[in-house]
Amino acid sequence: MRTFSLVCRACGAQRPYTTPIPTCPACGAGWLDAAYDLCALNGWQQQVAQYGANLWRYRDLLPVRDDQHIITMGEGWSPLLRAHNLGLMLGHGHIYIKDERQGPTGSFKDRQAAIAVSVLKEAGITELVVASTGNVAIAYAAYCARAGIKVWVFVPSGVPVEKMREVSLFGAEVIKVTGTYDQTKEIAAQFAARKQIFLDRGIKGFAAKEAMKTIAFETAEQLGAALAGEDPMLAHGNRFPWRAPAWYLQSVSGGLGPVGVMKGFSELNEMGLVQGMPKLGLFQPRGCAPMVQAFAQGCRTAVNVPHPTTDIITLATGMPGEAYEVLYDLLQQHGGNFLDVTDVEAFQALRVVAEMDGISVEPATAVTFAGLFKLVRQGVIRADEVVVINCSGHTFPVEKQIIGDHFTRDMTVKEPEDKHGHSDGLLTALEQLDARVKRIAIIEDNPDSARLIRRILQAQGEFLIEEAYDGASGLALIRRSRPNLLILDLMMPGLDGFQIIEIMQTEPALRHIPIIVITAKELTAIESQRLRGKIKGLLQKGAFMDSDLLNDIQQALP
Ligand SMILES: *Cc1c(COP(=O)(O)O)cnc(C)c1O
Ligand SMILES: [Zn+2]
């Protein structure tokens, strides 16, 4: 049987854990943390490696005392994915995505539910009240079903109906409150008090923070492999020293994720398993950004946002309370940044991440990616710093405001005219699709850049793309195929981009093909002069977004 203590953040009182308590018996404050005897865990790294690939591999530092009470669906040990294409676009080679979409109910709240519900099971609790902006509701409903715990879920009415339906599918009682999330929380608390039912304390309770710290443990372990040049999804075991990233990025609502993750990294530091703490990149939607506003003004207390205007309900916590103070202190101590992004910026980022790296996220997660784009472009995140992004939740089903109704290409197959006629309706239809397509040639000797440009164009879906990888074959390509547009690199061995442009000027058949130049370096005055009037657009490698390129193309195409 494992042991641990509970510590009160307000008065520091510490007592051995026996059963979950709502408040500190010494002072009545609500914020409690679990504490362990870290010195006793000699050789913990080796111990962990013998456990399974889920978050319970860290059970020696988790608040469930006896394995038999663990409720698990294999949560945790989510993939740490290198963001290749996004990284190319941003000119940043060390971006890693912690893919929390792959939890049993599709968000990182599965960690919280697994641990909180196991704690309740161990304490013999059979009924629970919880308030949620959506994902906690789904995760708790699923885990409570397995644990045989009845759960009353309070959600604000703005939560997408698909999510509420899933909560109900798990047999939970769903109470939809017409009001903000903060009002919903208040009503849930009153209900729990009146009915004498256990109330989940969220970030103030100890279980939730312990759950989130497993993100830090996994990140350190997987990053060890990644930074040793191995793919953490393919490398075996933990042969590598654990590592902390320079940055941990997440969108915040109540702030549980970063608070728990930083507790995890500080325990790893204390055990000497990693050196240093990450900086925090934390993001909120502009329509509900109390923490961002307070931080910008240098305040340690946030002013509440009583009426959030963001459509991203997952993040609509208008009253951050004590959590903001904790985050403020962490940022003062370890560095970092609080930024807001608009809903529109988030939706754009959502599409970019899906199109570039095959990762479909929910709008709340897209806020993090929009924030990443900003911090990299502002130079706040330096190109040599390792960044880990909490890819917190899946878009499934895709919400209607992201992809409207008209996203398919509709095709009607005509029946053959006569009995002997050829059944070529399908082919004709396909040819018609093709005829509308514009042809774009890419001449680029760097295969990564070529791949990035092709990917951006492919995701747009209506271009025929031809590529050449050096100047001479590039020139042959455009002479042969007469594309509607040329995307051209300047620096290439042999015939370079400047020479190709000059040759094209002398050939009547090529002179009118619009050119967009993509360059790796700042141009000198003389080089700019050589290009003047001859090109339609100029983009700097690693510093343009997909939308910049597509805009230039739209303008340049005849
Ligand atoms: C809960 C949630 C967040 C915000 O997390 P906190 O750390 O609780 O502020 C972000 N994204 C998704 C998908 C979430 O479910
Ligand atoms: Zn106390």
Side-chain angles (χ1 to χ4, degrees), residues 5-15 21-33 78 98-103 105-113 116 130-140 155 159-160 163 181 185 200 202-205 208-209 211-213 215-216 248-263 280-285 288-292 310 312-324 326-327 330 338 341 346 350 359-371 389-396 399:
S5 309
L6 292 184
V7 184
C8 168
R9 190 176 97 86
C11 77
Q14 180 158 353
R15 52 168 46 219
I21 43 172
T23 50
C24 168
C27 78
W31 186 295
L32 299 171
D33 284 305
S78 61
K98 185 72 174 139
D99 192 3
E100 291 293 300
R101 301 171 311 154
Q102 299 197 28
T105 72
S107 86
F108 76 125
K109 302 305 196 308
D110 283 320
R111 293 178 190 270
Q112 183 182 347
V130 64
S132 163
T133 56
N135 291 339
V136 156
I138 296 175
Y140 273 61
V155 288
V159 169
K163 288 191 177 180
Y181 174 50
K185 268 200 294 202
D200 184 86
I203 192 169
K204 291 189 170 176
K209 283 167 285 194
M212 293 315 175
K213 84 181 187 188
I215 296 175
Y248 171 78
L249 269 49
Q250 197 202 296
S251 57
V252 291
S253 188
L256 172 63
V259 168
V261 164
M262 292 302 264
K263 181 173 192 282
L280 291 172
L282 304 178
F283 312 106
Q284 295 194 298
C288 184
M291 299 200 203
V292 177
T310 176
I312 304 176
I313 300 299
T314 305
L315 299 179
T317 298
M319 296 167 56
E322 198 172 353
Y324 171 68
V326 174
L327 287 173
L330 285 168
F338 255 115
V341 307
L350 187 154
I359 292 172
S360 152
V361 300
E362 73 165 87
T365 305
V367 165
T368 313
F369 284 95
I389 295 163
N390 182 336
C391 187
S392 51
H394 206 304
T395 287
F396 188 74
E399 285 161 39

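In each ligand, atom 1 is the first atom listed, and ligand 1 is the first ligand listed. Note that the structure is predicted; figures quoted are calculated from it, not measured.
- Close contacts of ligand 1 with Gly257, meaning ligand atoms under 4.0 Å from a residue heavy atom, involve 6 (P), 7 (O).
- Atoms NE2 and CG, on His394 and Asp99 in that order, are 7.5 Å from each other to the nearest 0.5 Å.
- At a threshold of 4.5 Å between non-hydrogen side-chain atoms, the residues Asn135 and Thr314 count as touching.
- Legend: residues meeting salt bridge (charged side-chain N to carboxylate O under 4.0 Å, His left out) with Lys209, ordered by chain and number and at least two apart, are Asp33.
- Considering backbone and side-chain atoms together, Ser253 places an N or O closer than 3.5 Å to an N or O of ligand 1.
- For Lys204, there are no salt bridge (charged side-chain N to carboxylate O under 4.0 Å, His left out) partners, not counting sequence neighbours.
- Between Phe283 atom CZ and Leu249 atom CG the span is 4.0 Å, to the nearest 0.5 Å.
- Remark: ligand 1 and Asn135 share an N or O pair separated by less than 3.5 Å (distance only, no angle test).
- Geometrically, ligand 1 and Ala364 share no nitrogen or oxygen pair separated by less than 3.5 Å.
- Atoms of ligand 1 lying under 4.0 Å from at least one heavy atom of Thr365, given by number and element, are 13 (C).
- Under the salt bridge (charged side-chain N to carboxylate O under 4.0 Å, His left out) criterion, Arg15 pairs with no residue at all, not counting sequence neighbours.
- By the 4.5 Å heavy-atom criterion applied to side chains, Lys109 and Tyr140 are not counted as neighbours.
- By the criterion of a heavy-atom distance under 4.0 Å, both the backbone and the side chain of Val252 are placed next to ligand 1.
- Listing protein N, O or S atoms at distances below 2.8 Å from the Zn ion (ligand 2), with waters left out, gives Cys8 SG, Cys11 SG, Cys24 SG, Cys27 SG.
- Counting atoms of ligand 1 from 1 in the listed order, those under 4.0 Å from a heavy atom of Gly255 are 6 (P), 7 (O), 8 (O), 9 (O).
- In this structure, Met212 does not count as a contact residue of ligand 1, since none of its heavy atoms falls inside 4.0 Å of the ligand.
- Under a 4.0 Å criterion applied to the non-hydrogen atoms of Gln250, ligand 1 contributes the atoms 4 (C), 5 (O), 6 (P), 7 (O).
- Contact check for Phe338 versus Leu280: no side-chain heavy atoms found under the 4.5 Å cut-off.
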### Task
Apply side chain to side chain donor-acceptor pair (under 3.5 Å) to the pair Glu100 and Ser392, showing each step before the final yes or no.
CA-CA 5 Å; Glu100 291 293 300; Ser392 51; over 6 Å; no
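- Remark: ligand 1 and Leu315 share no N or O pair separated by less than 3.5 Å (distance only, no angle test).
- The shortest N or O to N or O distance between Ser107 and ligand 1 is not under 3.5 Å.
- Near Thr314, with a cut-off below 4.0 Å to any heavy atom, the atoms of ligand 1 are 2 (C), 12 (C), 14 (C), 15 (O).
- Between Phe108 and Gln250 there is a side-chain heavy-atom pair separated by less than 4.5 Å.
- For ligand 1, the atoms sitting less than 4.0 Å from at least one non-hydrogen atom of Gly393 are 13 (C), numbered in the order shown with element in parentheses.
- For ligand 1, the atoms lying closer than 4.0 Å to a non-hydrogen atom of Ser251 are 4 (C), 5 (O), 10 (C), 11 (N).
- Remark: ligand 1 atoms within the under-4.0 Å shell around heavy atoms of Leu256 are 6 (P), 7 (O), 8 (O), 9 (O).
- In this structure the side chain of Val252 reaches within 4.5 angstrom of the side chain of Pro258, judged on heavy atoms.
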